[in-house]
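Read the structure below first, then the notes.
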Amino acid sequence: MSTEKPKKTSFIQGPISAEFIGNSIAKHQSKTTIGAHNIFLGQVRADVIEGKTVVAIDYTAYEEMAEQTFHEIREAAFAKYELSCLHIYQSLGTVKTGEICLFVFVSAPRRKVVYEALEFLVEDIKEKTAVFGKELFEDESYTWKKNT
């Protein structure tokens with residue numbers, strides 16, 4: 001029997017709920033060396049593409065590769081910034097417009113670092129992670145999302 005801790009996943013099936021976000025923040029109240037938190041919430045927009053409105057995004061990923069990239073991004077952030085905690089959660093499956101699909105949460109002893117670290121993290125996640133979004137339209141057609 002393995003004594004290794006099960007590896008935490010960054011993926012959540014479906015949208016990321018307000019309750020999940022609130023509970024994540026509440027869990028840090030016991031960590032009294034933290035003086036600042038910052039969060040980024042990515043929300044699905046109702047973009048209009050070629051006259052059709054996006055109603056949802058269906059997220060897929062090369063999960064093993066994406067988890068490795070999330071790990072590398074986390075390690076780079078911890079090396080670059082004085083962070084206490086760092087969490088990345090990405091939706092898989094269908095997320096409707098208005099729902100949350102990406103939740104990045106950083107904590108540190110001081111406030112300035114959480115702003116810098118969060119921008120670094122979100123840009124790196126968007127640029128490097130093997131997560132793909134199929135933008136779904138009302139008529140059931142789709143297009144592949146381009147990260148901008």
Joint cluster assignment, Leu41 & Ile16, ILVMFWY side-chain distance < 4.5 Å: yes
ring-ring contact (aromatic ring centres under 6.0 Å, His included) involving Phe70 - partner list, sequence neighbours excluded: Phe11
Thr60 side, atom OG1; Lys134 side, atom NZ - distance, nearest 0.5 Å: 7.5 Å
Connected via hydrophobic side-chain network under 4.5 Å: Ile73 and Phe78: yes
Side chain to side chain contact (heavy atoms under 4.5 Å, CB included) between Lys27 and Cys85, worked out: CA-CA 11 Å; Lys27 286 177 189 171; Cys85 292; over 6 Å; no
Side chain to side chain, Ser84 and Pro109, heavy atoms closer than 4.5 Å: yes
Result of checking Val54, Asp58, Val44 against Glu135 for side-chain contact (heavy atoms from CB on, under 4.5 Å): Val54
Min side-chain heavy-atom separation Lys52-Ser141 under 4.5 Å: yes
Euclidean distance, Ile88 CD1 relative to Leu121 CG, rounded to 0.5 Å: 5.5 Å
Hphob cluster co-occupancy, Leu136 + Val48, side-chain heavy atoms under 4.5 angstrom: no
Nearest-0.5 Å distance, CG of residue Asp47 to OG1 of residue Thr53: 9.0 Å
Full working for side chain to side chain contact (heavy atoms under 4.5 Å, CB included) between Glu64 and Gln68: CA-CA 6 Å; Glu64 195 174 333; Gln68 181 60 36; over 6 Å; no
Atom pair CD/CG of Glu119 and Asn38 - distance to nearest 0.5 Å: 10.5 Å
Side chain to side chain contact (heavy atoms under 4.5 Å, CB included) evaluation trace for Phe103 with Ile39: CA-CA 7 Å; Phe103 171 33; Ile39 64 173; 3.8 Å; yes
Test ring-ring contact (aromatic ring centres under 6.0 Å, His included) applied to Tyr81 and Phe120, step by step: CA-CA 10 Å; Tyr81 303 100; Phe120 166 82; 5.7 Å; yes
Rounded distance (nearest 0.5 Å) linking atom CG of Leu92 with atom SG of Cys101: 11.0 Å
Main-chain N/O of Met65 paired with Thr69 side-chain donor or acceptor, under 3.5 Å: yes
Non-hydrogen atoms of Ile57 and Gly133 that approach each other most closely: CG2-CA, 3.6 Å
Distance-only donor-acceptor check, side chains Glu67 and Thr9, under 3.5 Å: yes
Side-chain donor or acceptor of Ser91 paired with backbone N/O of Gly14 under 3.5 Å: yes
Any Ile12 side-chain heavy atom under 4.5 Å of Gln90 side chain: no
Residue pairs, two or more places apart or on separate chains, that pass ring pair (Phe, Tyr, Trp, His ring centres under 6.0 Å) and touch residues 16-46: Phe20-Tyr89, His28-His37, His28-His87, His28-Phe105, His37-Phe105
ILVMFWY network linking Val95 to Val104, side-chain heavy atoms under 4.5 angstrom: yes
Thr94 side, atom OG1; Glu99 side, atom CD - distance, nearest 0.5 Å: 9.5 Å
Joint hydrophobic cluster, Val122 plus Leu86, side-chain heavy atoms closer than 4.5 Å: yes
Close aromatic pair by centroid cut-off 6.0 Å: Tyr59 and Phe132: no
Residue Glu82 excluded, over 12 heavy atoms near CD under 6.0 Å: no
Non-hydrogen side-chain atoms of Thr97 and Arg45 separated by less than 4.5 Å: no
